[in-house]
Participant: 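Sharing a structure with you now.
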Amino acid sequence: MTRSKHRVWKYGDNVNTDVIFPGKFTYTISHDPAELARHALEDLDPSFANGARAGDVIVAGRNWGNGSSREQAVTCLVAAGVHAVIAKSFARIYYRNAINNGLLVIACPQLVDLVESGDSIEIDMEAARIHLNNHALSFSSLPEQVRRILDAGGIIAYLQGQG
Amino acid sequence: MSLQTLTEKLLARAGGRTTVKPGEIVDIEPDVALSHDNTAAIAEIFKRLPHKRVRYPERLAITLDHAVPPPSAKHARNHARVRDFVREQGVRNFFEVGRGICHQVLCEEGVVGPGMTLLGADSHSTHYGWLGAFSAGIGRSEVAALWATGQLWLRVPETMRITLKGKLESGVTTKDLTISLIGRLSSDGATYMAVEFDGDGVAALSPDSRTVLTNMMAEMGAKNACIAPDDATWRWLSKTLKRTRPHDHAERLESFRERSLYPDRGAVYAARLQIDLSEIEPVVSCPHAVDNIRPLSEVANTRVDVGFIGTCTNGRLEDIAAAAEVLRGRRLRARLIVIPASSMVLREAAEAGYVADLVEAGATFGTPGCGPCMGVHMGVLAPGEVCISSANRNFRGRMGEPDAEIYLANPAVVAASCAAGRLIHPADLADES
Ligand code: SF4
């Protein structure tokens with residue numbers, strides 16, 4: 001079985017890229033994972049950056065990641081060790097950025113109402129299901145073409161693999 | 001032969017196909033790949049690829065606009081790295097510090113026009129749809145991949161058709177229309193979708209103001225937004241290109257005419273909406289979301305510390321003209337920062353006397369560029385300050401401190417509110433002493 005276990009950080013609807021990663025650092029912090037991780041969710045949840053552990057997941061409401069196209073809003077979570085963001089829905093640029101930077105994004109509308117921060121859930125990628133307590137929630141898998149990019153770890157890794 | 005929306009036609013062309021269907025994944029070859037101050041960061045990602053050379057350097061367009069002139073040594077080094085990249089790769093469409101905001105400049109310079117396709121490392125890349133182009137925002141790694149291969153995957157969006165009828169009342173602008181629409185459909189009302197505007201109401205909107213509509217559809221989650229070119233579009237292009245490209249303006253205009261595309265009658269839309277422009281009233285977006293809209297009358301009298309007129313949304317000549325109209329012969333009670341969207345706008349505003357009017361009233365002018373729009377350049381807010389801005393985004397912390405409050409409104413309302421020191425419609429300003 002390909003089930004993996006994860007601790008939840010739960011947030012609401014319409015969390016925008018400015019509170020995921022502050023705009024004021026857009027041109028000063030680009031790649032350094034430690035610096036990226038230090039500012040993750042700074043203006044949303046000041047306890048996140050210190051408290052996050054590798055493998056944690058973020059569970060959120062609708063329209064996660066609306067706003068700017070800044071990729072640090074994805075890479076700061078990767079740097080903080082976040083395994084996946086599972087939301088009711090995603091803003092489109094965020095969704096693309098996530099796939100193209102190797103962050104697993106799962107649209108699963110029911111989950112956010114069933115969990116609290118600190119709960120643990122299991123993700124089964126093969127069966128495309130999320131397990132918690134006595135619930136099993138399905139999600140839809142990505143189109144093949146796009147899944148290959150995510151699996152490679154993002155579009156850069158994908159092109160490196162082809163080059 | 002299937003009937004297609006304007007977006008579908010544009011994507012079919014960019015994907016080298018005769019038709020495309022919503023939901024399909026297509027690899028497109030855009031005409032233009034846009035980046036700005038973030039070019040250096042993208043170049044870092046690009047270095048990790050085996051390709052080394054940009055596949056089509058003539059398709060790149062790069063502006064320095066987000067933090068100009070550089071406010072710190074760190075920003076200056078960033079600009080220097082962008083210039084190195086431009087030289088190394090032989091990028092010709094490069095616009096220096098002071099020329100203006102990417103979206104304004106690429107339209108003025110005729111880099112993008114009707115029938116073309118642009119992908120940009122900027123969320124407001126939906127902007128160019130006002131010229132009948134397909135344009136969408138993408139992330140930095142995607143831009144690096146696009147530089148390397150000339151291609152990128154896109155999902156063909158469903159199209160929402162919004163038909164505009166009638167005319168806006170006096171004192172109501174396209175900004176009011178746009179934020180009303182976002183308030184009504186919410187910030188994810190068009191996620192993954194194309195939005196196309198048509199109807200006789202479009203003809204009544206000036207070219208300057210049409211950009212507000214397509215630019216701000218990003219705030220409704222749209223992938224792209226477009227308006228088919230009409231007489232006003234062609235007149236704007238003809239007049240502007242004569243100024244910016246004196247040597248080849250006629251050829252450029254002709255190539256846009258040959259390339260321009262129009263939606264088929266009978267194309268299939270996933271959603272339709274009709275808006276009567278005469279019903280739109282002055283509105284403001286309240287902190288901290290664009291779709292948190294209220295009629296101006298309900299929040300009138302809210303204290304204002306500072307105003308900002310500028311950005312790719314409302315920093316054009318007609319916006320500065322509207323502010324000058326309101327403030328001529330008055331003195332400001334709140335601070336006002338005015339930043340023209342481009343050097344061309346600045347020059348025209350100076351020629352028309354608007355700069356003098358505004359400076360006389362007590363306003364401060366900044367270098368054409370983004371200014372404090374995203375909190376990286378001069379004009380940022382202190383904690384607890386209340387700002388009224390003509391920008392497109394009022395998220396918490398956007399212009400500096402997280403506990404500053406940002407209201408969004410049309411430029412005349414921004415100007416009037418700075419004159420009064422509180423939110424007010426210009427029509428009510430006359431009663432003020
Ligand atoms: S003016 Fe503001 S919204 Fe427009 S491109 Fe610049 S930072 Fe982005």
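Letters A, B, ... mirror the listed sequences (proteins, then strands); counts begin at 1. When reading the values below, keep in mind they use all heavy atoms of this one structure, side chains included, and skip hydrogens, waters and symmetry mates.
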Participant: Relative to chain A, which segment of B/Ala222 carries a heavy atom at a distance below 4.5 Å: side chain, backbone, both, or neither?
Facilitator: backbone
Participant: Quick one: side chain to side chain donor-acceptor pair (under 3.5 Å) partners of B/Ser125, sequence neighbours excluded?
Facilitator: none
Participant: For B/Leu154, which atoms come within 4.5 Å of any heavy atom of chain A: side chain, backbone, both, or neither?
Facilitator: both
Participant: With a 4.5 angstrom heavy-atom cut-off, which part of B/Ala145 approaches chain A: side chain, backbone, both or neither?
Facilitator: both
Participant: Evaluate the ring planes of A/Tyr95 and A/Phe90, with Trp represented by its six-membered ring, and classify them as parallel (under 30°), tilted (30 to 60°) or perpendicular (over 60°).
Facilitator: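 Tilted.
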Participant: With a 4.5 angstrom heavy-atom cut-off, could you sort out which part of A/Val146 is near chain B: side chain, backbone, both or neither?
Facilitator: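 Only the side chain of A/Val146 comes within 4.5 Å of chain B.
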Participant: Salt bridge between B/Asp403 and B/Arg396, side-chain N to carboxylate O under 4.0 Å?
Facilitator: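 No.
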Participant: For a quick test of your reading: what N or O donor-acceptor pairs under 3.5 Å do the side chains of residues 51-64 of chain A make, sequence neighbours left out?
Facilitator:
residue : atom : partner  : partner atom : Å
A/Asp56 : OD1  : A/Arg7   : NE           : 3.4
A/Asp56 : OD2  : A/Arg7   : NE           : 3.4
A/Asp56 : OD2  : A/Arg7   : NH2          : 2.8
A/Asp56 : OD2  : A/Trp9   : NE1          : 2.8
A/Asp56 : OD2  : A/Arg53  : N            : 2.9
A/Arg62 : NH1  : B/Asp188 : OD1          : 2.6
A/Arg62 : NH1  : B/Asp188 : OD2          : 2.5
A/Asn63 : ND2  : A/Asn14  : OD1          : 2.9
A/Asn63 : ND2  : B/Ser187 : OG           : 3.2
A/Trp64 : NE1  : A/Tyr94  : OH           : 3.4

Participant: Can you say whether B/Arg398 sits under 4.5 Å from chain A via the side chain, the backbone, both, or neither, judging by heavy atoms?
Facilitator: both
Participant: What part of B/Ala40 gets within 4.5 angstrom of chain A, counting heavy atoms only: side chain, backbone, both, or neither?
Facilitator: neither
Participant: Measure across B/Val290 and B/Met216 and return the closest heavy-atom pair with its distance rounded to 0.1 Å.
Facilitator: CG1-CE, 3.8 Å
Participant: With only heavy atoms counted, which part of B/Ser72 is less than 4.5 Å from chain A, the side chain, the backbone, both or neither?
Facilitator: neither
